2 protein chains.
Amino acid sequence: MQDVARAAGVSPMTVSNVVNNRPHVRESTRAKVLEAMDRLGYRVNVAARNLRAGRTQTLGLAVPEVDRPYFAELAARIIRHARAAGYRVAIEQTGANREDELEAIAWSRNSLYDGLILSAVALGQADRDLLRVDFPVVILGERIFEGPVDHVAMPNADGTRAATAHLIAHGCRRIALLTGPDLAEANVSSLRHEGYLRALREAGLPHRDGLVLRLPALDPEHGARGARRLAERGAGVDGLVAVTDSVALGAVRGLADAGLRVPEDVRVIGFDNILAGAYALPSLSTIDPDNEGMAARAVELLVRRIRGDATLGPPRDFTGPFRLVERESTAGRRPPRRTKRTAAPGR
Amino acid sequence: MQDVARAAGVSPMTVSNVVNNRPHVRESTRAKVLEAMDRLGYRVNVAARNLRAGRTQTLGLAVPEVDRPYFAELAARIIRHARAAGYRVAIEQTGANREDELEAIAWSRNSLYDGLILSAVALGQADRDLLRVDFPVVILGERIFEGPVDHVAMPNADGTRAATAHLIAHGCRRIALLTGPDLAEANVSSLRHEGYLRALREAGLPHRDGLVLRLPALDPEHGARGARRLAERGAGVDGLVAVTDSVALGAVRGLADAGLRVPEDVRVIGFDNILAGAYALPSLSTIDPDNEGMAARAVELLVRRIRGDATLGPPRDFTGPFRLVERESTAGRRPPRRTKRTAAPGR
DNA sequence: TTGAAAGCGCTAACAG
DNA sequence: CTGTTAGCGCTTTCAA
């Protein structure tokens with residue numbers, strides 16, 4: 001910048017003003033500076049700017065794994081909204097473990113990001129105090145009640161309850177649940193598990209322990225394996241709720257491997273409404289937790305906290321609406337009439 | 001840091017040495033400093049460190065869209081390898097357009113990242129000179145011949161050629177191609193298109209214009225739409241090559257919508273070996289371009305360039321091997337007996 | 001083993 | 001409209 005200033009015959013300050021499109025620069029001066037910048041191939045040093053300005057115009061986004069479709073789609077949405085608000089997004093991968101989630105917060109505070117959106121899956125009630133930081137953080141997806149930071153939560157229990165009730169309404173009586181590891185903390189798996197139990201209770205159906213499988217990871221591989229195990233046990237399952245769509249898609253596969261058809265033999269429903277579910281065969285029924293709205297709200301909240309918006313008040317919990325998306329995997333024995341969607345629902 | 005130094009009764013330099021785990025610090029001093037850091041809740045300011053050190057220990061990764069499974073999986077791999085080499089990764093989204101890809105390079109040079117891995121889809125031969133920058137860049141996926149930077153390329157043409165030959169070997173005679181927009185530049189779509197044509201030629205099969213569909217985007221939605229269009233045309237297609245797995249999965253769906261079964265009526269093969277293909281129904285045959293090897297090599301190359309490794313020589317092109325992964329979508333008329341194995345991912 | 005001095009490149013605040 | 005001054009927090013260099 002010094003060099004550009006010298007070359008253009010102005011002060012570094014004026015160069016700075018031009019670089020940042022600030023007003024009060026005469027057109028002729030601006031032109032001179034731009035010419036010099038161009039000639040010398042000048043590029044701002046963002047590190048210096050960040051240091052001086054004390055902010056980076058960058059939001060951190062910490063997710064368990066970038067290659068799980070739900071989080072990949074979430075990241076794309078967050079990036080879109082952040083960009084619209086003038087921020088870039090840096091993605092951190094936490095591997096779904098508590099230490100890395102806390103580490104993500106610690107790192108973020110090292111003046112790397114102006115704020116952090118944390119898609120927490122391993123943090124729980126007990127970590128409340130660790131979140132008591134003087135740094136804008138929004139927790140996404142989880143519900144750590146009364147936490148010291150803003151939350152954009154999913155209707156986990158209500159969603160799974162609706163999903164389970166949907167299967168019951170379609171005549172299923174022996175409904176299995178594929179869920180995740182059983183941590184002490186309330187998390188996606190336990191909350192969704194709860195919704196499943198509630199729906200059974202409300203319908204007066206017995207809860208059978210053998211129909212609940214806890215998978216070590218929420219991905220298609222474990223979904224397929226779990227579904228196969230259920231089928232091989234001969235539990236007579238006629239409905240299956242998976243706590244995520246990734247698991248549900250794997251489960252459909254696993255059932256097919258065991259010779260069971262979806263939805264004829266077993267109806268399957270997931271949670272998340274990932275894109276792949278709409279194009280799967282059969283297409284996957286699911287709970288849509290208003291992903292777009294959650295992303296928009298998380299970014300909006302975070303940006304307002306960063307800007308010190310006083311009208312926000314103390315940290316709050318937001319839980320959005322959900323919508324049951326009915327597709328082929330839970331369709332009636334006879335496929336619906338709308339020819340386009342009904343072709344080859346089985347296999 | 002000043003504060004910590006004062007509190008511990010040492011100089012800032014000593015604090016710095018402790019923070020960075022440098023040797024030559026007496027144990028008792030280290031303990032004193034750590035205690036003070038802890039008590040004051042000290043956090044390094046990475047912006048300042050970056051400015052002073054002139055490097056950020058961060059690699060940029062520019063991909064068209066983070067939520068396309070191929071790129072999401074690529075990102076996860078790059079992050080893993082980078083972390084092993086002591087770097088973090090910041091992901092940029094280019095939206096698959098030329099301006100943003102060039103912009104990614106420009107931004108990266110603003111002392112934000114130490115190097116950039118660019119998964120270029122819109123840059124071509126004509127942009128060679130724009131890549132002539134004094135900054136470590138590795139291009140991934142594309143093949144801009146004789147470019148001024150390192151390339152880790154995919155065996156695009158050879159892969160699609162093998163995929164097409166595979167269909168021919170299975171008796172397909174009217175093989176369609178679902179490819180991407182037809183840019184002037186050589187890109188994924190055009191290179192894979194070329195491989196398809198070569199295989200037809202080598203088998204003495206006629207090339208029919210009506211069997212090649214150029215989709216506006218390489219996603220399941222357009223894949224499904226394209227496949228439906230082909231089916232409705234009554235082109236009598238018995239095989240289908242898609243330039244990516246995402247398109248192929250959509251195509252299977254579209255064919256089903258049109259009442260065609262895969263593989264019985266139409267055999268389908270994709271390219272990329274994304275995870276979802278292994279768990280789809282039917283599981284998707286595909287070309288595996290050694291994704292793991294490509295990611296490892298890209299990171300290794302970039303890191304060596306950053307470190308100024310002189311043994312590397314001038315920029316080079318690397319093209320890895322590929323492997324045809326045969327799954328249900330191209331299986332013989334009778335599905336194979338080994339149901340278990342077909343679901344196993346070819347990772 | 002520790003410390004002092006200097007400056008990375010930029011911009012806020014104010015002066016001209 | 002443009003320039004001067006000062007310093008963000010850290011680390012490289014060299015001396016003690």
Side-chain angles (χ1 to χ4, degrees), chain A residues 1-37 40-58 86 106-114 134-135 307-308, chain B residues 1-37 40-58 86 106-114 134-135 307-308:
Chain A
M1 184 170 268
Q2 300 279 6
D3 301 342
V4 175
R6 214 175 356 258
V10 298
S11 79
M13 201 51 236
T14 301
V15 178
S16 173
N17 286 332
V18 170
V19 167
N20 294 285
N21 279 315
R22 274 191 270 266
H24 308 308
V25 179
R26 201 192 298 150
E27 255 331 305
S28 63
T29 313
R30 181 188 306 278
K32 255 193 329 199
V33 172
L34 287 173
E35 187 276 331
M37 275 170 47
L40 300 183
Y42 170 76
R43 331 234 86 242
V44 273
N45 181 321
V46 180
R49 172 186 291 174
N50 288 347
L51 173 58
R52 176 65 234 219
R55 51 186 163 56
T56 60
Q57 294 291 40
T58 301
W107 254 104
S108 301
R109 295 170 61 204
N110 294 190
S111 311
L112 266 178
Y113 314 134
D114 296 346
D134 55 341
F135 177 79
R307 298 197 175 139
Chain B
M1 183 171 268
Q2 299 279 6
D3 301 341
V4 176
R6 216 178 350 260
V10 298
S11 79
M13 202 48 240
T14 300
V15 178
S16 173
N17 284 333
V18 171
V19 167
N20 293 283
N21 277 316
R22 272 191 271 267
H24 307 309
V25 178
R26 201 190 299 151
E27 255 330 304
S28 63
T29 313
R30 181 188 305 277
K32 254 192 330 199
V33 171
L34 288 174
E35 186 276 331
M37 275 170 47
L40 301 182
Y42 170 76
R43 331 232 85 244
V44 275
N45 181 321
V46 180
R49 172 186 290 174
N50 288 347
L51 173 59
R52 177 64 238 221
R55 54 189 158 53
T56 60
Q57 294 291 35
T58 301
W107 256 104
S108 301
R109 294 170 62 203
N110 294 189
S111 311
L112 267 177
Y113 313 135
D114 295 346
D134 54 342
F135 177 78
R307 299 196 176 139

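What you are looking at is a predicted structure, and each value in this text was computed from that prediction instead of being measured. Numbers restart at 1 for each chain; the letters A, B, ... are given by sequence-line order, proteins then strands.
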Query raised in the report: How many Å lie between CG on B:L40 and C1' on D:dG9, as a whole number?
Result: 15 Å
Query raised in the report: Do B:S16 and B:V19 touch side chain to side chain, with heavy atoms closer than 4.5 Å?
Result: no
**Report entry** Note, A:N20 side chain near A:R49 side chain (heavy atom, < 4.5 Å)
**Finding:** yes
Query raised in the report: Given atom CD of A:Q57 and atom C1' of C:dC10, what is their separation to the nearest angstrom?
Result: 15 Å
Query raised in the report: Do A:R52 and B:L51 have side-chain heavy atoms sitting under 4.5 Å apart?
Result: no
Query raised in the report: Taking the side chain as C-beta and beyond, is there a heavy-atom pair between A:D3 and A:Y42 under 4.5 Å?
Result: no
Requested in this report: Grab the NE2-C1' distance between A:H24 and C:dG16 for me, whole Å please.
Outcome: 16 Å
Query raised in the report: Could you write nucleotides 11-16 of chain D as a row of B, S and -, 5' to 3', where a protein heavy atom under 4.0 Å of any base atom gives B, of only sugar-phosphate atoms gives S, and otherwise -?
Result: BB----
Report task. With the side chain of B:L51 defined as its heavy atoms from C-beta on, choose the nearest nucleotide among D:dG3, C:dT2, D:dG9. Result -> D:dG9
Query raised in the report: Once you round it to whole Å, what is the distance between P of C:dG9 and CD of A:Q2?
Result: 9 Å
Query raised in the report: What's the spacing between B:R26 CZ and B:K32 NZ if we round to 0.5 Å?
Result: 8.0 Å
Requested in this report: Can you sort out which residues in residues 25-37 of chain A have a heavy atom within less than 4.0 Å of DNA chain C? Ascending by number, please.
Outcome: none
Query raised in the report: Does the pair B:R30/B:E27 count as a salt bridge with the N-to-O cut at 4.0 Å?
Result: yes
Query raised in the report: Got a second to check how far A:Q2's CD is from A:S11's OG, nearest 0.5 Å?
Result: 9.5 Å
Query raised in the report: Does the B:T56 side chain pair with the main chain of B:L112, one donor and one acceptor, at a distance under 3.5 Å?
Result: yes
**Report entry** Below 4.0 Å: OP1/OP2 of D:dG3 and any side-chain N or O of A:T14
**Finding:** yes
Query - Student check: side-chain heavy atoms of B:V15 and B:V10 closer than 4.5 Å - result: yes
Query raised in the report: Atom CZ of A:R6 to atom P of D:dG3: distance rounded to whole Å?
Result: 14 Å
Report task. Using atom CG of B:D3 as one end and atom P of D:dC8 as the other, report the distance to the nearest whole Å. Result -> 11 Å
